Structure formats: C-alpha cells, structure tokens
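What follows is a set of notes on a single structure, which appears directly below.
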Amino acid sequence: MGTVVDAAPIKETNGSLAEKKPTVVFVLGGPGSGKGTQCANIVKHFGYTHLSAGDLLRAEIKSGSENGTMIQNMIKEGKIVPSEVTIKLLQRAIEESGNEKFLIDGFPRNEENRAAFEAVTGIEPSVVLFFDCPEEEMEKRLLSRNEGRVDDNIETIRKRFRVFLESSIPVIQYYESKEKVRKIDAARPVEEVFESVKAVFTPKSEKAD
Ligand SMILES: Nc1ncnc2c1ncn2[C@@H]1O[C@H](COP(=O)(O)OP(=O)(O)OP(=O)(O)O)[C@@H](O)[C@H]1O
Ligand SMILES: Nc1ccn([C@H]2C[C@H](O)[C@@H](COP(=O)(O)O)O2)c(=O)n1
Ligand SMILES: [Mg+2]
C-alpha cells in the first residue's frame with residue numbers, strides 16, 4: 001500500500017501558534033546522544049514542556065492511526081516521516097499543553113522539517129541545543145538502552161547515523177549561520193552534560209562571576 005498521509009490541510013491553525021509567541025528550543029543531536037535524558041532534566045529545573053517528535057510518532061503508531069503502518073515502516077528503516085505528519089502532531093501537542101515554553105526534541109531532522117515547520121507555524125526557535133557525541137559512544141548507548149525500540153538494532157542504528165550526517169547536520173549548520181546553536185559535549189556523564197545545559201538556560205544575571 002502507498003504512503004497514507006492526512007489529506008486535510010494542516011494550515012488550519014496557521015499563524016495562531018506564532019501569535020501566542022511560544023518559546024521554542026530545538027534539541028538536536030545524533031541518535032543516542034542523550035537528548036531525551038537531558039530534556040527530562042531541563043523540564044524539572046526550568047518548567048519547559050518536552051515534546052519528542054519520535055515519541056509522538058510512536059504514540060501515533062500505538063493509537064491505531066491510519067498512518068501507523070507507514071510511520072512504523074519508516075522508523076524501522078531509520079527514515080524521516082513526511083513533515084506534514086510530524087508537524088501536525090507537534091502543533092496538537094503544543095496547543096494542548098497549556099504551557100508557553102517547549103523543548104522540541106529530535107525535530108527538525110531535515111531541511112523539509114525545518115522549512116515546513118516555520119512556514120506552517122510561523123515559529124522560529126530561540127535556541128538550538130546540539131548534543132555532540134561520537135558515533136562509537138552513541139552506538140554503545142543505543143545497544144544497551146533496552147526500551148524495546150524497533151530501531152535500536154545495529155542495522156537500523158547505522159542507517160540512523162547516516163541520515164543524521166546527511167540530513168540533520170545541514171539543519172544544525174543552518175542554525176549555526178543564524179548564531180542560534182549551543183553545542184554541548186555530550187560524551188561526558190549525564191550530570192556533567194547537564195551542568196553545561198544549565199548554563200544555556202540560566203540568565204546571565206543569575207550566573208556566578
Ligand atoms: N551522558 C550519558 N552517559 C551515558 N549514558 C547516557 C548518557 N545520556 C543518556 N544515556 C543513556 O543512553 C541511552 C540513550 O539516551 P537518550 O534516550 O536520552 O538519547 P536520545 O538522544 O534521545 O536518543 P534517540 O535519538 O534514539 O531518541 C539511554 O539508555 C540513556 O540512559
Ligand atoms: N522529526 C522526526 C523525528 C523522528 N522521526 C522518526 C525517525 C527516527 O529515526 C525515529 C525515532 O526518533 P527519535 O526518538 O530517535 O528522536 O522517529 C522522524 O521521522 N522525524
Ligand atoms: Mg530520544
């Protein structure tokens with residue numbers, strides 16, 4: 001069967017999200033770099049709502065949605081799901097949250113994600129966190145994650161690494177050119193990484209001299 005995507009236009013809420021002026025931080029980094037782990041810490045300390053694009057897509061599969069099979073197949077292959085599907089899930093989660101500060105984890109994964117999100121929502125990120133980690137360390141973490149994810153096997157992990165290099169790094173470079181990227185050395189223990197993350201979220205006036 002061909003790819004199923006919702007035929008309804010996703011522009012229904014166009015502009016309204018931007019009018020609410022939410023603060024959005026994109027959280028990027030290779031598979032297993034620790035995005036989800038650090039987002040959980042940021043939520044506790046700084047009151048953001050964590051929206052993981054991968055988690056939203058996995059929930060969509062479980063919900064029995066008509067796009068479930070397509071999403072499942074793409075995740076198994078380490079491929080990126082069409083932007084209209086992922087953006088719709090993100091828009092809904094933002095609108096339902098009641099918060100105005102969001103960590104959007106694992107999105108945008110490619111140029112199509114980036115441009116479509118901006119066009120549809122009118123939102124630009126205030127900051128882009130980039131968790132920088134060597135592949136060897138990410139591979140070790142993913143192979144011992146034990147959460148039963150269909151993509152945590154060596155064959156899919158290698159495909160995800162390739163997609164990250166080919167499609168996601170250019171997005172990080174785009175935001176570097178806009179001076180929005182805060183690069184974090186993610187190869188250290190969780191607590192040390194979070195010390196660097198905290199510095200990004202702490203206003204200059206509150207930092208010790
Ligand atoms: N700094 C760290 N040192 C060692 N292990 C870590 C570190 N950060 C996270 N982990 C572990 O590595 C695994 C992957 O972490 P996490 O799920 O946060 O990564 P992710 O970037 O969200 O990955 P994905 O892109 O696949 O969702 C988890 O088992 C987590 O407990
Ligand atoms: N913007 C996104 C984010 C995720 N996906 C798919 C493809 C990924 O390999 C998978 C898992 O994401 P993760 O939990 O590792 O962030 O979900 C996508 O297609 N588009
Ligand atoms: Mg994750």
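For ligands, and for the atoms within them, numbers begin at 1 and follow the listed sequence. All residue numbers refer to positions in the sequence shown, counting from 1. This one's a predicted model, so the numbers in the text were calculated from it and none came from an experiment.
Checked by atom type, the side-chain pair S196/R188 shows a donor-acceptor distance below 3.5 Å. Residues S167 and N110 have side chains that never bring a donor and an acceptor to within less than 3.5 angstrom of each other.
Contact of the I184 side chain with the V200 side chain is registered, since non-hydrogen atoms from C-beta on lie closer than 4.5 Å.
Ring centers of F102 and H50: at least 6.0 Å apart, outside the cut-off. For F117 and F26, the distance between ring centers is under 6.0 angstrom.
When each atom of ligand 1 is checked for a heavy atom of P31 under 4.0 Å away, the hits are 25 (O). Residue-ligand proximity, L142 to ligand 1, at heavy-atom distances under 4.0 Å covers atoms 26 (O). The atoms of ligand 1 that sit less than 4.0 Å from any heavy atom of P189 are 1 (N).
Checking only distances, R109 does come within under 3.5 Å of ligand 2, N or O to N or O. Of the polar atoms of G106, at least one N or O is found under 3.5 Å from an N or O of ligand 2, judged by distance alone. At a 3.5 angstrom cut-off on N or O pairs, N113 counts as close to ligand 2. Taking distance alone, with nitrogen or oxygen atoms compared against 3.5 Å, I75 stays at or beyond that limit from ligand 2.
Of all the heavy atoms of D151, none lies under 4.0 Å from any atom of ligand 1, so neither backbone nor side chain is involved. Proximity of E147 to ligand 1, defined as any heavy-atom pair under 4.0 Å, is not found for any part of the residue. Residue-level proximity to ligand 2 for D151 is carried by the side chain, the only part with a heavy atom below 4.0 angstrom. Within the 4.0 Å heavy-atom criterion, the part of R160 lying near ligand 1 is the side chain and not the backbone.
Compare R149, K79, K35, M74 by their heavy atoms: the one nearest to atom 7 (C) of ligand 2 is in K79. Scanning L57, I71, I87 for the heavy atom closest to atom 6 (C) of ligand 2 points to L57.
Between the CD1 atom in I42 and the OG1 atom in T49 there is a gap of 12.5 Å [rounded to 0.5 Å].
Formation of a donor-acceptor pair under 3.5 Å by the R160 side chain with backbone atoms of D151 is found in this model. Side-chain N or O atoms of K79 include none that pairs as donor or acceptor with a backbone N or O of K159 at under 3.5 Å. Although no hydrogens or angles enter the test, the distance criterion places no donor-acceptor pair under 3.5 Å between the side chain of K76 and the main chain of V150.
When hydrogens are left out, the protein atom nearest atom 20 (N) of ligand 2 is I80 CG2, 3.8 Å; that is the closest non-hydrogen contact. Among all protein heavy atoms, the one lying closest to atom 19 (O) of ligand 2 is V81 N, 2.7 Å.
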